[in-house]
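Below is one structure; the comments refer to it alone.
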2 protein chains.
Amino acid sequence: MSLSKAPGSAITIHDIAAEAGVSKSTVSLVLKKSPLIKPETAAKVWKAAEKLGYVYNRMAANLRQKSSNVVGVIVNDLTNPFFVELLIGIERVLLQSGYITLMAHTAESAQVQEKVIASFREQNAAGILMCPAFGTSVETIDRLREMHLPFVIMVRQLGDLNYDYVGAANVDGTRMATEHLLRLGHTRIGFIGRSQNSLVGLQRQSGYEEALKQAGISLNPAWVVDSPVSMQGGQDGAKILLDMENGPTAVVCYNDLVAMGVLNELDYRGLRAGKDMAVIGFDDIATAKHTNPPLTTLAINPEQQGEIASRMLLNQLRDHPATHNHYFSQPKLMVRESSGGMLTR
Amino acid sequence: MSLSKAPGSAITIHDIAAEAGVSKSTVSLVLKKSPLIKPETAAKVWKAAEKLGYVYNRMAANLRQKSSNVVGVIVNDLTNPFFVELLIGIERVLLQSGYITLMAHTAESAQVQEKVIASFREQNAAGILMCPAFGTSVETIDRLREMHLPFVIMVRQLGDLNYDYVGAANVDGTRMATEHLLRLGHTRIGFIGRSQNSLVGLQRQSGYEEALKQAGISLNPAWVVDSPVSMQGGQDGAKILLDMENGPTAVVCYNDLVAMGVLNELDYRGLRAGKDMAVIGFDDIATAKHTNPPLTTLAINPEQQGEIASRMLLNQLRDHPATHNHYFSQPKLMVRESSGGMLTR
DNA sequence: TAATATTTTTGGAACGTTCCAAATAATGAT
DNA sequence: ATCATTATTTGGAACGTTCCAAAAATATTA
């Protein structure tokens with residue numbers, strides 16, 4: 001297979017046109033699978049393109065036709081499997097809609113996030129799906145809107161919900177968790193997680209508080225531990241509660257990672273979650289059913305959330321007007337051994 | 001802030017030029033921070049750009065100047081935290097080198113991978129970092145080379161190693177693991193993991209076999225279980241070994257996920273890893289030190305691998321000639337409780 | 001001050017596509 | 001065969017940048 005062009009220069013539609021004996025416009029139409037052109041002509045063009053090893057230059061196309069086919073996904077913390085699962089749902093929908101999914105990871109840095117947004121904008125992305133980094137200001141969202149860049153916010157809501165949003169009913173989740181523990185007879189129930197400055201944290205904490213209040217149990221502030229969202233954070237939080245005398249007999253955790261840290265600390269002390277202390281997580285990440293012991297948690301179906309968010313964005317991309325759709329995944333309690341309420345495997 | 005342009009049309013360097021009273025070429029130079037232009041002129045231009053709310057159009061720029069500043073990262077399995085950690089290392093280096101990291105996830109589909117490569121090529125990516133999907137053919141690599149697209153392959157090697165590659169010394173790893181178990185007195189040692197069709201699997205299995213041979217212990221084929229690379233796979237594999245009478249007393253696992261499945265099955269049976277059976281994983285993902293019990297495993301530093309791979313790519317991007325650099329991360333045995341050899345926490 | 005060297009700025013031609021209005025070819029009706 | 005329709009194809013002008021060679025402004029020297 002010998003190339004007649006200089007090695008550096010790329011094959012363009014002009015080359016194909018010459019090879020196939022048609023005009024560049026015809027080639028362009030063929031590549032777009034336009035119904036206008038005659039099948040035989042199309043076949044000729046495709047053969048020529050194949051022969052020359054043509055690569056479509058989307059940069060050039062995008063330059064002319066305003067909007068591109070890439071969707072930017074901005075994720076704040078890939079080390080939390082929850083977000084990976086979210087991503088997978090997103091990717092599935094976008095891929096089969098013909099969009100290219102570009103992912104960027106901010107690692108909770110609002111600064112990196114700014115760069116990434118700018119970059120997506122420069123790349124002329126069709127739209128953005130974003131899980132805001134910690135400390136994202138409301139202005140960031142206002143700015144997105146001013147850019148006329150279609151977007152959907154996920155997981156963390158910022159300011160008024162005057163944009164498309166997909167998240168979970170956090171308050172309901174921890175309320176359900178707490179009620180479950182109450183039903184099992186626990187009255188001394190703690191909470192470990194991030195609440196400072198984090199809306200999701202506050203929501204999850206308030207569901208816990210509501211359930212206690214509803215049951216007529218007064219909140220013991222010492223049993224509410226503010227910890228980083230990580231296994232290590234959960235472990236450190238658990239140490240605090242376990243070192244207390246007359247501490248809680250059950251604990252609701254901010255999420256599964258934190259709960260896994262708690263399980264770890266219990267194990268280290270020779271204690272067993274579900275027997276010596278009830279532990280409930282949040283998210284139901286894939287690992288949750290494989291922890292020792294398996295973790296009772298609230299399923300909020302991240303993959304599905306990703307799919308829904310993508311579809312919201314696709315809607316925006318079709319009929320321009322910005323909408324204000326919201327979806328809150330309703331948590332489902334997955335009872336496993338760690339809460340002590342498991343009956344069958 | 002009132003815009004004088006029509007809402008649809010974007011601000012271009014021409015608009016800035018008009019506003020600042022210079023030529024578009026000058027604006028272009030200013031935006032590139034060229035030392036040629038006079039500081040005062042530059043200031044004027046920046047102010048005008050700011051005032052008009054200019055957004056750099058990288059598509060247009062890329063069209064003219066061949067190569068872009070995006071690097072594509074192709075990952076085969078984000079559900080395995082190993083790859084997420086790899087990604088984080090990559091991202092760190094590329095970000096601070098001024099490149100934009102676009103990530104794509106193939107979910108082990110060679111078909112999706114083809115699409116993604118084509119897409120990165122269309123996007124005119126500067127280079128590609130790829131963890132090949134399962135079943136990737138050698139031709140895929142040949143084609144990458146023919147495209148003159150700089151690339152680095154990670155984790156899985158395909159065909160001859162005539163390209164930049166970053167991975168781990170897999171054989172050494174499982175040999176070390178097996179030798180560790182032998183030193184602890186085990187003689188009945190099994191292996192759970194993927195070996196069929198997977199080079200990494202074969203490598204890891206052969207390290208295990210070598211160590212046994214070295215110790216004069218004959219291999220029991222029934223103790224080598226081929227299972228999917230997942231917690232579920234590990235759990236199913238463990239069932240097989242545990243249901244045997246006179247089965248192995250120790251098991252080397254393909255990776256940490258598989259090992260976690262084994263830990264899970266042991267726990268379910270009321271057995272304890274490190275006491276009733278020794279378990280060793282591979283990768284040392286972040287979770288490994290937080291499993292119950294904590295997992296003995298081989299650290300191969302995915303973040304560092306990501307950094308090294310990125311630097312190899314950056315090298316290629318600087319001085320054109322394609323190189324054949326290889327880096328094999330030397331595994332480090334992290335002794336924790338699951339192998340029974342832990343002395344201190 | 002004129003001539004020269006140096007710094008700074010500039011217009012026009014690319015880059016590879018899509019869009020459009022208009023040209024051409026094919027078909028059908030008379 | 002002629003004309004009206006309809007189905008295909010086409011050249012040229014965009015899109016917003018960078019590159020280049022050359023112009024203009026400024027500084028330096030004799």
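Reminder, nothing fancy here: chain letters follow the sequence lines and each chain counts from 1.
When atom types are taken as modelled, the side chain of B:Ser329 and the backbone of B:Gly167 share no donor-acceptor pair closer than 3.5 angstrom. With hydrogens and angles ignored, the 3.5 Å screen pairs a side-chain donor or acceptor of A:Ser97 with a backbone N or O of A:Val93.
Not a single donor-acceptor pair, N or O on each side, falls under 3.5 Å between the base of D:dT17 and the side chain of B:Arg64.
One finds no salt bridge joining B:Glu50 and B:Lys44 here, because no Lys/Arg side-chain nitrogen approaches an Asp/Glu carboxylate oxygen to under 4.0 Å.
Both A:Lys24 and B:Asn62 lie close to DNA chain D; mapped to their nearest nucleotides by heavy-atom distance, the more 5′-ward contact belongs to A:Lys24. Heavy-atom nearest nucleotides on DNA chain C were determined for B:Val22 and for B:Ala60, and the one closer to the 5' end corresponds to B:Val22. In terms of position along DNA chain D, the nucleotide closest to B:Val55 lies nearer the 5' end than the nucleotide closest to the other residue of the pair B:Lys38 and B:Val55.
Side-chain proximity of A:Leu36 to D:dC15, D:dT8, C:dT18: nearest is D:dT8. Picking from D:dT17, C:dT10, C:dT8 the nucleotide with the shortest atom distance to the side chain of B:Leu29 gives C:dT10.
Remark: P of D:dT17 and OH of B:Tyr56 are 8 Å apart, rounded to the nearest angstrom. Atom P of nucleotide D:dG16 and atom CG of A:Asn57 are separated by 17 Å, given to the nearest angstrom. Atoms NZ (A:Lys33) and C1' (D:dT8) sit 19 Å apart, rounded to a whole Å. In this structure, CE of A:Met59 is placed 12 Å from C1' of D:dG16, rounded to the nearest angstrom. Rounded to a whole Å, the CD1 atom of A:Ile11 is 16 Å from the C1' atom of C:dT17. When the P atom of D:dA25 is taken as reference, atom CD of B:Glu40 falls 16 Å away, rounded to whole Å. With rounding to whole Å, A:Leu63 atom CG is found 12 Å from C:dC19 atom P. The separation between B:Asp15 atom CG and D:dG16 atom P is 9 Å, rounded to whole Å.
In this model, the phosphate group of C:dT18 is approached by a side-chain N or O of A:Lys32 to a distance below 4.0 Å at OP1 or OP2. Distances shorter than 4.0 Å separate none of the side-chain N or O atoms of B:Thr26 from OP1 or OP2 on C:dT9. The side chain of A:Ser25 places no N or O atom within less than 4.0 Å of a non-bridging phosphate oxygen (OP1 or OP2) of C:dT18.
Residue-level contact check: B:Ile37 touches the backbone only, with heavy atoms under 4.0 Å from sugar-phosphate atoms and none from bases.
B:Gln113 and B:Thr136 share a donor-acceptor pair across their side chains, judged by distance under 3.5 Å alone.
Classification of the A:Phe151-A:Tyr163 ring pair by plane angle, with boundaries at 30° and 60°, yields tilted.
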